[in-house]
**Student:** 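For reference, the structure I am asking about is given below.
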Amino acid sequence: MCLKCILHDYPIASRVIEDAFASNNNFSSCFMCKSNEGLAASRRVIDSSTDDISSSSSCGSKSLTQTVTFKHICKKCHHIIAVHSYSFGFEGSSCEVDMTCMLCGTFEDCYTVEPEELQSNSLTR
């Protein structure tokens, strides 16, 4: 995480950026090697968890969270520019999304997914 390699730290993002190469517009140049050839990404680490949650009805529901983390690195010298993390959490019909990255920015959102959408998505996969 290098403040010397980016233009603005933690800008407010308008959406979650899942693509490791999407933030070249906030990358100045690598402080270590002075290259501005662009960024690469380290291997992604994906952490998924499912928890049973008790609900007010007799039926329980499940909470699903998935977090993806990777590092933006200089293509030339592999200097770490920023650590990028985003997560999606589903609990019942509620979905929470957040992203934190010094290079790409921060983003949070919460929205409701209707049961029909969940069922139709699971049937098409």
**Student:** Please step through side chain to side chain contact (heavy atoms under 4.5 Å, CB included) for the pair E96 and C110, ending with a clear verdict.
**Tutor:** CA-CA 4 Å; E96 292 185 16; C110 183; 3.8 Å; yes
**Student:** CG of L39 to NE2 of H84: how many Å apart, nearest 0.5 Å?
**Tutor:**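 The NE2 atom of H84 is 12.0 Å from CG of L39, to the nearest 0.5 Å.
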**Student:** For side chain to side chain contact (heavy atoms under 4.5 Å, CB included), just list the numbers for T69 and Y86, CA-CA rounded to whole Å, side-chain angles, deciding distance to a tenth of an Å, and then say yes or no.
**Tutor:** CA-CA 7 Å; T69 304; Y86 64 91; over 6 Å; no
**Student:** Return the minimal non-hydrogen interatomic distance between N36 and S29, and the atom names on each side.
**Tutor:**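 Heavy atoms only, the tightest pair is CB-CB, 3.9 Å.
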**Student:** Within the distance-only criterion (no hydrogens, no angle test), does the side chain of S42 pair as donor or acceptor with the backbone N or O of K71 below 3.5 angstrom?
**Tutor:**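 Yes: the side chain of S42 pairs with the backbone of K71.
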**Student:** Nearest 0.5 Å, please: how far is CZ in F107 from OG1 in T100?
**Tutor:**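 CZ of F107 is found 11.5 Å from OG1 of T100.
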**Student:** Decide whether L7 and I80 are clustered together by the hydrophobic rule: side chain heavy atoms of Ile, Leu, Val, Met, Phe, Trp, Tyr closer than 4.5 Å, transitively.
**Tutor:**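 Unlinked, L7 and I80 end up in two clusters.
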**Student:** Begin from the C-alpha positions of S94 and T112 and carry the test side chain to side chain contact (heavy atoms under 4.5 Å, CB included) through to its verdict.
**Tutor:** CA-CA 5 Å; S94 176; T112 302; 5.6 Å; no
**Student:** Please check if V83 and I81 belong to a single hydrophobic cluster, counting links between Ile, Leu, Val, Met, Phe, Trp and Tyr side chain heavy atoms closer than 4.5 Å.
**Tutor:**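 Shared cluster, yes.
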**Student:** Rounded to the nearest 0.5 Å, what's the gap from CZ on F90 to OG1 on T65? Could you check?
**Tutor:**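 Those atoms lie 9.5 Å apart.
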**Student:** Going from CG on L3 to CG on L103, what distance comes out if it is rounded to the nearest 0.5 angstrom?
**Tutor:**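 The CG atom of L3 sits 11.0 Å away from the CG atom of L103.
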**Student:** Please list, chain by chain and in numerical order, all residues satisfying side chain to side chain donor-acceptor pair (under 3.5 Å) with S48, sequence neighbours excluded.
**Tutor:**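 Side chain to side chain donor-acceptor pair (under 3.5 Å) check on S48 returns Q66.
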**Student:** Is it true that, when you exclude H78 itself, more than 12 heavy atoms of the residues, nucleotides or ligands shown sit nearer than 6.0 Å to its NE2?
**Tutor:**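 Buried by this count: over 12 neighbours within 6.0 Å.
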**Student:** My understanding is that only residues two or more places apart in sequence, or in another chain, count here; which of them pass side chain to side chain donor-acceptor pair (under 3.5 Å) with D9?
**Tutor:**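 In terms of side chain to side chain donor-acceptor pair (under 3.5 Å), with neighbours along the sequence ignored, D9 is linked to no residue.
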**Student:** Taking the ring centre of each residue, are H72 and F70 less than 6.0 Å apart?
**Tutor:**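 H72 vs F70: aromatic centres under 6.0 Å.
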**Student:** Between M99 and T106, is any pair of side-chain heavy atoms under 4.5 Å apart?
**Tutor:**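 No, every pair of side-chain atoms sits at 4.5 Å or beyond.
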**Student:** Go through it in stages, so that I can follow the logic: the residues are C74 and C33, the test is side chain to side chain contact (heavy atoms under 4.5 Å, CB included), and I'd like the CA-CA distance, side-chain angles, deciding distance and then a yes or no.
**Tutor:** CA-CA 9 Å; C74 172; C33 71; 3.7 Å; yes
**Student:** Let me confirm one number: the SG-CZ distance from C77 to F31, rounded to the nearest 0.5 Å.
**Tutor:**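 Answer rounded to 0.5 Å: 11.0 Å.
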**Student:** I want to check something: taking the side chain as every heavy atom from C-beta on, are H79 and C2 in contact at a cut-off of under 4.5 Å?
**Tutor:**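 Of all side-chain heavy-atom pairs linking C2 with H79, at least one is under 4.5 Å.
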**Student:** Say you draw a straight line from CD1 of I6 to SG of C104; how long is it, rounded to the nearest 0.5 Å?
**Tutor:**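 The CD1 atom of I6 sits 9.5 Å away from the SG atom of C104.
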**Student:** Taking the side chain as everything from C-beta on, heavy atoms only, tell me whether N26 gets closer than 4.5 Å to P11.
**Tutor:**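 Result yes, sub-4.5 Å side-chain heavy-atom pair found.
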**Student:** Would you please test D98 and S87 for side-chain hydrogen bond (donor to acceptor under 3.5 Å, both in side chains) and show each step?
**Tutor:** CA-CA 6 Å; D98 73 47; S87 65; 3.2 Å; yes
**Student:** Apply the hydrophobic cluster definition, ILVMFWY joined by side-chain contacts under 4.5 Å directly or through others, and give me every member besides V45.
**Tutor:**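 Same cluster as V45: nobody, lone residue.
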